[in-house]
Amino acid sequence: MDKQENPLAFNIDREEREPQEYYDRIKEKFAQERAVRLDYRPEGTAQFTSEFSGALEKYAIDPNVAEATPRAPLDDTVECLFIGGGFSALLTSVRLRQVGVESIRIVERGADVGGTWYWNRYPGVACDVEAYDYLPLLDEMDYVPTRHFAQGPEIYAHCQAIARKYDLYELAVFQTTVTSTVWDEDAQMWSITTDRGDHIKARFVICANGTLSKPKLSRIRGMESFAGHSFHTSRWDYEYTQPDLSGLADKVVGIIGTGASAVQAIPRLGASARELYVFQRTPSSITLKNDWLTDPEWARKLKPGWQAARKALSLARQELSPEQQAKRASIPREEKIRKQENANIDAMMQIHERIEEIVKDPVTADALKPWYMLMCKRPCFDNDYLPAFNRPNVQLVDTRGEGITEITEAGPIFDAKVYELDLLIYATGFEVQKTGIYNQIRGEKGVELNEKYQKNGIRTLLGIHSHGYPNLFIMGGYQATFLFNLTDVLQTQGDHIAGCIDYARRNGHHSVHVTVEAEERWVQEVIDNRGKTTRSEDCTPGYYNFEGEFQRRQDGNYNGSYSRYVAHTKAVLANIEEDFVFANR
Ligand code: NDP
């Protein structure tokens with residue numbers, strides 16, 4: 001199977017297509033577009049809210065199930081407790097099972113495992129990472145995905161299959177939100193309470209609440225007054241739309257946002273709604289998605305362990321050969337940056353060209369062109385998105401960076417025009433990489449984790465361990481590596497966490513606690529790898545660069561390579577006595 005050409009791999013060794021003035025002019029336009037957006041919303045991340053109370057409470061409700069059935073509160077003790085039941089919990093649990101841990105409890109806000117894939121059921125939901133890489137544990141599960149890019153229901157079913165195979169449903173509790181996680185110094189145990197009145201004690205706690213799990217809404221004047229129906233993409237109301245979207249045939253629909261969720265939903269909405277208005281603030285970069293059904297012949301020939309072999313090969317390929325390294329080293333730094341930027345601009349201009357080829361109305365085509373470096377925002381892949389704007393019932397409302405700032409009883413207003421809608425969909429994203437959403441995590445001396453981070457910046461070892469929080473492990477948070485294929489990161493973290501817990505158990509230690517020195521070493525490592533350019537700061541605002549807000553250099557992801565992150569997790573485990581203090585009760 002040939003691989004899709006990676007649009008994110010910029011070849012800096014190629015001939016440049018244009019003289020330098022051309023690239024400089026485009027960079028100027030990028031800077032102007034960025035400035036427009038920063039001027040409109042200097043408040044940065046504060047432009048959003050994820051605290052849904054009062055009239056906004058409905059945006060948090062799970063439309064997939066009826067209200068939680070009453071149950072008696074739990075008052076018991078488990079060995080390992082996961083806050084969250086998505087891939088983080090599943091992948092780590094499997095490794096814990098493999099080293100003999102029996103007592104595992106998943107506490108999950110949704111009514112099942114699956115995390116993102118439980119919540120996000122909007123039409124067209126699919127993963128943009130090749131399924132043979134994204135779906136984890138394919139060797140263990142003896143499963144081959146049905147297509148190159150798996151759709152949401154297949155991934156959700158895979159999560160359920162993992163939970164069944166590894167007996168993770170036994171102790172799990174659903175429709176339950178952890179509200180506090182407190183280190184009990186006398187008992188040397190974590191004490192967990194939930195919104196269902198549970199009091200659970202756990203020796204090890206794993207924060208597995210996901211990277212993009214708490215929906216957020218843009219704070220828009222008058223949004224509470226909208227009289228039509230409305231919901232967030234992650235809380236899709238199929239009772240209203242009907243599973244085949246036939247309920248929209250006589251409806252005027254609006255969608256706010258054009259990020260990855262909207263890009264997948266819009267073509268399906270366009271094909272079903274009487275009218276669709278797309279309220280755009282910043283266009284996404286759209287690249288073709290080279291999707292196909294898995295060839296059964298190819299699948300049949302796969303040998304046991306094929307996914308592990310594929311991953312090992314991919315990891316090895318990420319390393320430059322000595323010749324490539326020598327060539328790169330011979331190019332002066334400024335020249336390298338210039339070449340990379342120019343290659344990036346060429347990639348972006350190819351995206352512009354495709355828009356011109358596909359979208360018939362030149363004004364709409366122009367408005368759909370993204371003016372920023374590729375990877376400033378999450379790149380999107382969909383073959384049906386651009387053609388959707390050729391439909392007579394689909395209209396792009398380009399707010400030119402301003403966004404929708406007012407909603408009336410009838411619908412959103414832009415340029416003094418009220419768009420009267422039956423249904424308004426918010427595709428406005430999620431809180432990003434927050435540890436302890438819905439939850440307070442109090443470690444030694446009662447210090448809350450986010451208060452510690454606020455005061456001195458994020459401080460962890462590998463993004464997983466934080467001093468003052470013994471036997472607590474964080475997944476999907478900052479100071480860990482960033483990779484387009486998130487499940488690889490989560491598996492790396494899960495392997496490491498299971499390794500730490502296994503070590504403690506085998507050696508008769510009750511608790512494992514990272515030292516201040518190890519934490520400081522990693523903070524410096526993160527700072528050293530934050531990059532020496534201002535590329536992220538120069539990007540148009542979005543969640544990748546904290547909406548343009550100033551950040552301490554340690555308060556982000558570890559930007560050394562993924563392979564180096566993997567090596568660090570292994571090295572820490574191999575020398576575990578150096579970086580941790582172990583205690584017995
Ligand atoms: P995003 O945060 O990516 O997008 C939010 C969108 O809302 C942006 O287009 C933003 O514009 C827009 N917006 C916010 N406020 C307003 C406003 N007042 N008026 C108009 N527009 C507004 O959220 P998504 O849910 O789309 O995606 C989140 C992440 O989830 C993705 O980046 C990806 O990592 C993951 N995902 C992955 C998928 C996959 O694998 N295919 C599919 C879906 C999601 P602006 O850009 O100007 O801020």
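Whatever order the structure lists them in is the order used to number ligands and atoms, beginning at 1.
Checked against side-chain hydrogen bond (donor to acceptor under 3.5 Å, both in side chains), R391 has the following partners two or more places apart in sequence or in another chain: N393.
A donor atom on one side chain and an acceptor atom on the other are found under 3.5 Å apart for Y122 and Q264.
Within the structure, salt bridge (charged side-chain N to carboxylate O under 4.0 Å, His left out) pairs that include any residue of residues 255-282 comprise R268-D382, R268-D384 (at least two apart or interchain). Sequence neighbours left out, the pairs with a member in residues 41-53 that pass salt bridge (charged side-chain N to carboxylate O under 4.0 Å, His left out) are E51-K214.
The aromatic rings of Y238 and W236 lie tilted to each other, with the angle between the two planes from 30° to 60°.
Sorted by chain and number, the heavy-atom contacts of ligand 1 below 4.0 Å come from R41, F48, Y122, A126, C127, D128, L212, S218, I220, I256, G257, T258, G259, A260, S261, Q264, F279, R281, T282, K377, R378, G403, I404, A427, T428, G429, F430, Y543.
We find that R400 and D415 are joined by a salt bridge, their nearest charged nitrogen and carboxylate oxygen being less than 4.0 Å apart.
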